[in-house]
Protein chains: 2
Amino acid sequence: MTLKLDKVNRGPHLSTLVASSISREIAHGRLNPGDQLPTEQALATTFGVSRNVVREAIARLRSEGRIWSQQGRGAFVANVANSPVLTIDHDALQQADAFKSLFELRGALEVKAAALAAERRTDADLEALKSALTAMNTAPYGSVAWLKADLEFHRAIVAATRNSYMEQFLIFVSERVRESILAAGDQQGSDDMASTTLGEHNRILDAITAGDANAAQEAMQLHLNGAARRVGLRIDDL
Amino acid sequence: MTLKLDKVNRGPHLSTLVASSISREIAHGRLNPGDQLPTEQALATTFGVSRNVVREAIARLRSEGRIWSQQGRGAFVANVANSPVLTIDHDALQQADAFKSLFELRGALEVKAAALAAERRTDADLEALKSALTAMNTAPYGSVAWLKADLEFHRAIVAATRNSYMEQFLIFVSERVRESILAAGDQQGSDDMASTTLGEHNRILDAITAGDANAAQEAMQLHLNGAARRVGLRIDDL
DNA sequence: AAATCACAGTTGTATGATAACATGGCAACA
DNA sequence: TGTTGCCATGTTATCATACAACTGTGATTT
């Protein structure tokens with residue numbers, strides 16, 4: 001609990017800074033589950049902010065399940081596993097292997113989603129997939145319209161799984177992946193990439209239409225491998 | 001924005017109630033992305049609390065990515081998809097198909113984790129897996145020690161993937177699954193179940209030891225199917 | 001010895017004040 | 001006309017203080 005804050009800092013709210021400082025203490029093991037936090041007053045003085053700000057930070061951490069507090073006693077570090085909330089630290093994602101890990105996680109979900117979609121898709125699902133594909137066909141590679149159609153295609157697949165949690169998680173992870181790619185900057189695509197991407201999508205659609213779970217799974221895996229290559233990842237595993 | 005709060009409510013913090021009230025407004029579409037929230041003062045008077053409490057609620061919603069605020073202008077409803085936080089509603093999980101969906105999601109992650117573990121496991125990982133298995137062997141079926149060892153076995157597998165996001169997600173989902181099973185109440189196990197469970201675990205360990213990703217994947221899938229049956233789920237798919 | 005009470009410490013909430021920032025109106029000026 | 005600069009107003013961000021509710025402890029009383 002050594003960090004000091006400058007008033008100069010004009011960016012995130014002070015409560016955000018305090019919250020992430022405490023979060024870091026927990027993550028780094030300097031505060032362990034069950035430990036009692038310093039009093040709000042003590043935190044306020046050590047961070048050089050008002051008790052009010054500390055309370056906003058604590059409210060945030062409490063909502064994330066990282067700590068719990070009881071009136072008259074104090075605040076305590078909670079058991080992380082019990083947290084009903086999942087967060088991803090955007091800063092940590094800048095590192096290459098973190099990105100690769102997240103990409104891998106998305107792959108696991110997306111491959112399974114493709115298989116489930118092949119088994120459960122309705123005609124309406126197929127229509128949605130087809131329209132997304134034609135939209136991607138007409139839009140120039142890398143354009144906003146293209147990206148939106150691409151997202152829509154993958155969203156339609158996971159929607160066809162009839163599994164809302166799968167949908168929620170996959171969209172969540174995909175968003176984080178997309179953010180990282182955009183943050184990393186310039187993607188320049190050739191027409192070559194466009195046609196191979198479209199081909200991969202077509203193969204996925206065919207498999208899902210045929211109701212062939214295995215084929216859908218493999219087609220999706222191929223597509224993800226291709227996407228990884230296009231983003232600059234080297235893929236060693238299946 | 002019509003809800004009123006009683007002072008009588010002695011339970012969660014007022015800020016929690018305010019936050020979930022606003023959340024509900026957003027979820028029900030009475031507040032749409034881009035809309036401006038009432039001022040903090042107005043919220044304070046309509047909810048009958050101090051502005052301080054409103055600010056703690058807003059801090060929470062902001063950390064969840066549901067709203068964003070700018071000094072001098074106001075607070076606005078954010079685009080939900082951009083939220084860097086994932087939550088699971090515990091109440092919704094009580095429904096059977098919701099539980100099945102979550103179980104399915106866990107399966108997707110766990111199967112992939114087993115495959116990756118087979119490829120990347122170190123000797124230390126194998127040691128951890130073995131000790132978890134022996135611990136499960138000595139503990140009576142269904143006892144706390146047994147459950148802890150079971151959790152430890154699965155945790156060791158995902159740790160062997162060297163993918164921290166996979167670990168984070170899988171532990172998160174597994175915890176929610178475990179909570180639901182415990183909440184559903186009485187599980188009574190026979191010695192029969194114990195031995196089959198142990199056998200399934202053994203097969204997984206063998207495959208991971210051999211470094212055979214495919215075998216690990218299949219063994220894990222079998223184990224999950226078995227677990228589903230033991231919990232009372234009917235499994236139709238592979 | 002056990003129950004009760006007083007008290008200090010802590011969190012929960014309320015209130016008022018000030019600083020920082022955004023916006024629109026208005027006057028002065030070119 | 002149109003542009004600039006200033007000012008008033010409204011909002012969030014933060015600070016400071018006070019009080020209520022609750023907890024734990026130790027002294028006091030029974």
Report task. Check whether any side-chain nitrogen or oxygen of B/Ser50 sits under 4.0 Å from OP1 or OP2 of C/dT13, and answer yes or no. Result -> no

Using a cut-off of under 3.5 Å, enumerate the N/O to N/O pairs linking the protein to nucleotides 10-13 of chain D.
from: D/dG10; atom 1: N2; to: B/Gly72; atom 2: O; distance (Å): 3.2
from: D/dT11; atom 1: O2; to: B/Gly72; atom 2: N; distance (Å): 3.4
from: D/dT12; atom 1: OP2; to: B/Glu40; atom 2: N; distance (Å): 3.2
from: D/dT12; atom 1: O4'; to: B/Gly72; atom 2: N; distance (Å): 3.3
from: D/dA13; atom 1: OP1; to: A/His13; atom 2: NE2; distance (Å): 2.7
from: D/dA13; atom 1: OP1; to: B/Ser69; atom 2: OG; distance (Å): 3.4
from: D/dA13; atom 1: OP2; to: B/Arg55; atom 2: NH1; distance (Å): 2.9
from: D/dA13; atom 1: O4'; to: B/Gln71; atom 2: NE2; distance (Å): 3.3
from: D/dA13; atom 1: N7; to: B/Arg51; atom 2: NH2; distance (Å): 2.8

Requested in this report: Would you please name every residue forming a salt bridge (charged side-chain N to carboxylate O under 4.0 Å, His left out) with A/Arg73, sequence neighbours left out?
Outcome: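 Applying salt bridge (charged side-chain N to carboxylate O under 4.0 Å, His left out) to A/Arg73 gives none.
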
Report task. Taking all heavy atoms of B/Phe153 and all of B/Leu133, pick out the closest pair and write down the distance. Result ->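 Nearest heavy atoms, B/Phe153 then B/Leu133: CE1-CG, 3.9 Å.
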
Report summary line: With B/Pro38 as partner, the option from B/Thr46, B/Leu43, B/Thr45, B/Val54 fulfilling side-chain contact (heavy atoms from CB on, under 4.5 Å) is B/Leu43

Query raised in the report: side-chain contact (heavy atoms from CB on, under 4.5 Å) with B/Ile157: which of B/Met220, B/Glu110, B/Arg121?
Result: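 Of B/Met220, B/Glu110, B/Arg121, side-chain contact (heavy atoms from CB on, under 4.5 Å) with B/Ile157 is met by B/Met220 alone.
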
Report task. Keeping to residues at least two apart or across chains, list the salt bridge (Lys or Arg N to Asp or Glu O under 4.0 Å) pairs with something in residues 153-162 of chain B. Result ->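 Output for this query lists B/Asp125-B/Arg162, B/Glu152-B/Arg155, B/Arg155-B/Glu167.
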
Query raised in the report: Can a salt bridge be assigned to the pair A/Glu56 and A/Arg60 using a cut-off of 4.0 Å between side-chain N and carboxylate O?
Result: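 Salt bridge: no.
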
Rounded off to whole Å, could you give me the [atom1]-to-[atom2] distance for the [X] and [N] pair?
{"X": "A/Asn52", "N": "C/dA14", "atom1": "CG", "atom2": "C1'", "value": "11 Å"}
{"X": "B/Trp68", "N": "C/dA22", "atom1": "CH2", "atom2": "P", "value": "11 Å"}
{"X": "B/Phe76", "N": "C/dC21", "atom1": "CZ", "atom2": "P", "value": "17 Å"}

